[in-house]
There are 2 protein chains.
Amino acid sequence: MDEKQIMELENTRAQMRKGILEFCILLVISKGKIYASDILKKLEKTDLIVVEGTLYPLLSRLKNAGLLEYTWAESKSGPPRKYYKLTKKGKEAVKQLAITWNKFNKSINSLINKIDQ
Amino acid sequence: MDEKQIMELENTRAQMRKGILEFCILLVISKGKIYASDILKKLEKTDLIVVEGTLYPLLSRLKNAGLLEYTWAESKSGPPRKYYKLTKKGKEAVKQLAITWNKFNKSINSLINKIDQ
DNA sequence: CCTAGTACCTTGCATTACAAGGTAGGTTGT
DNA sequence: ACAACCTACCTTGTAATGCAAGGTACTAGG
């Protein structure tokens, strides 16, 4: 596979990653209060590389949409942290997105299965 | 849920859709020669709404990346059609993307399961 | 008081999905 | 013959957004 094809493959992978990013961030936050840097670490563990410049604007968007809220908390080793958690409506949104995810998953699996036939 | 949250939810769904778009198009083409308008119809059946303005540039990108190739064919009812099929390297890319997809799927399921606990 | 570490956020760029509009070949009705 | 319509290709302009890079500010340790 030459460079161009590898690039395209990486690009498509990146697209997939982007698509599930918001969903994954909401999932991580749904597990309990957490602040930005720790969200980054959690996502790395699940093979989802995200960087600060992506995460902060995204958290703001989700907060402005009413899905998240935050409280400030002091830290023992540095500046204060914004701890995010889901609002009631955020929790509902996560449920809806999980349903959507399953639907897409079924669509893709049906396409994959048809190849194997 | 008020309008803003619904919009955000729709937006996130749209992001998911975008992320798997290229993959799904490659999957559809992997099933055999097909032309653009029929790709649109197939994708609609699997809940993936795509429009012409999205599909044509995407097919060009994938062709330029060496994943697709096409042949012209006459039609009985209209202008000639471009029938696309995967190149050898396109087939390899589809396999790789299927692996990537499964990985993301596992990541998300592990996140979802942890909520339920 | 300077360096290092942590944590927040913004700016500018590139990519890309989509709405809208454009070109052109074929068929049908009059 | 020609108008109206359908099919099929493609392009242009806009808006959204992920990311690299850079910026601000608080704390702790020497």
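Residue numbering restarts at 1 for every chain, and letters A, B, ... go by the order of the sequence lines.
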For a quick test of reading the model, state the closest non-hydrogen atom pair linking [X] to [Y] and the distance between them.
{"X": "Leu55(A)", "Y": "Ala36(A)", "answer": "CD2-O, 3.5 Å"}
{"X": "Tyr56(A)", "Y": "Ser37(A)", "answer": "OH-OG, 4.5 Å"}
{"X": "Asp47(A)", "Y": "Arg17(A)", "answer": "O-CD, 4.4 Å"}

Separation of atom [atom1] in [X] from atom [atom2] in [N], rounded to whole Å:
{"X": "Trp72(B)", "N": "dC9(D)", "atom1": "CH2", "atom2": "C1'", "value": "6 Å"}
{"X": "Leu62(B)", "N": "dC10(D)", "atom1": "CG", "atom2": "P", "value": "13 Å"}
{"X": "Ile25(A)", "N": "dT17(D)", "atom1": "CD1", "atom2": "P", "value": "12 Å"}
{"X": "Lys76(B)", "N": "dA8(D)", "atom1": "NZ", "atom2": "C1'", "value": "17 Å"}
{"X": "Ile39(A)", "N": "dG18(D)", "atom1": "CD1", "atom2": "P", "value": "14 Å"}
{"X": "Glu10(A)", "N": "dT15(C)", "atom1": "CD", "atom2": "C1'", "value": "16 Å"}
{"X": "Met16(B)", "N": "dT17(D)", "atom1": "CE", "atom2": "P", "value": "14 Å"}
{"X": "Ile34(A)", "N": "dC8(C)", "atom1": "CD1", "atom2": "P", "value": "11 Å"}

Next on the checklist: Could you go through Glu69(B) and Thr87(B), starting from their C-alpha distance and side-chain angles, then the distance that decides it, and tell me whether this counts as side chain to side chain donor-acceptor pair (under 3.5 Å)?
Outcome noted: CA-CA 6 Å; Glu69(B) 61 191 3; Thr87(B) 60; over 6 Å; no
Whether over 12 other heavy atoms sit under 6.0 Å from Lys82(A) NZ: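 Check passes, neighbour count above 12.
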Next on the checklist: For Tyr35(A) and Tyr83(A): C-alpha separation, side-chain torsions, deciding distance, then whether ring pair (Phe, Tyr, Trp, His ring centres under 6.0 Å) applies.
Outcome noted: CA-CA 4 Å; Tyr35(A) 70 106; Tyr83(A) 279 85; 5.3 Å; yes
- Do Arg13(B) and Glu10(B) meet the salt-bridge criterion of a basic N to acidic O distance under 4.0 Å?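 Arg13(B) and Glu10(B): salt-bridged.
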Restricting both atoms to N or O, compile the protein contacts to nucleotides 16-18 of chain C shorter than 3.5 Å, with distance only.
unit_1  : atom_1 : unit_2   : atom_2 : d
dT16(C) : OP1    : Asn11(A) : OD1    : 3.1
dT16(C) : OP1    : Asn11(A) : ND2    : 2.5
dA17(C) : OP1    : Gln15(A) : NE2    : 3.2
dA17(C) : OP2    : Arg61(B) : NH2    : 2.9
dC18(C) : OP1    : Arg17(B) : NH1    : 2.9
dC18(C) : OP2    : Thr54(B) : OG1    : 2.7

Determine whether Leu43(B) and Leu40(B) fall in the same hydrophobic cluster, where Ile, Leu, Val, Met, Phe, Trp and Tyr are linked whenever their side-chain heavy atoms lie under 4.5 Å apart. yes
Table of protein N/O atoms under 3.5 Å from nucleotides 5-7 of chain C N/O atoms:
unit_1 : atom_1 : unit_2   : atom_2 : d
dA7(C) : OP1    : Tyr35(A) : OH     : 2.6
dA7(C) : OP1    : Arg81(A) : NE     : 2.8
dA7(C) : OP1    : Arg81(A) : NH2    : 2.5

Checklist entry - Is there a salt bridge (Lys or Arg N to Asp or Glu O under 4.0 Å) between Glu74(B) and Arg81(B) once you walk through the steps? => result CA-CA 6 Å; Glu74(B) 298 297 317; Arg81(B) 299 164 177 172; over 6 Å; no
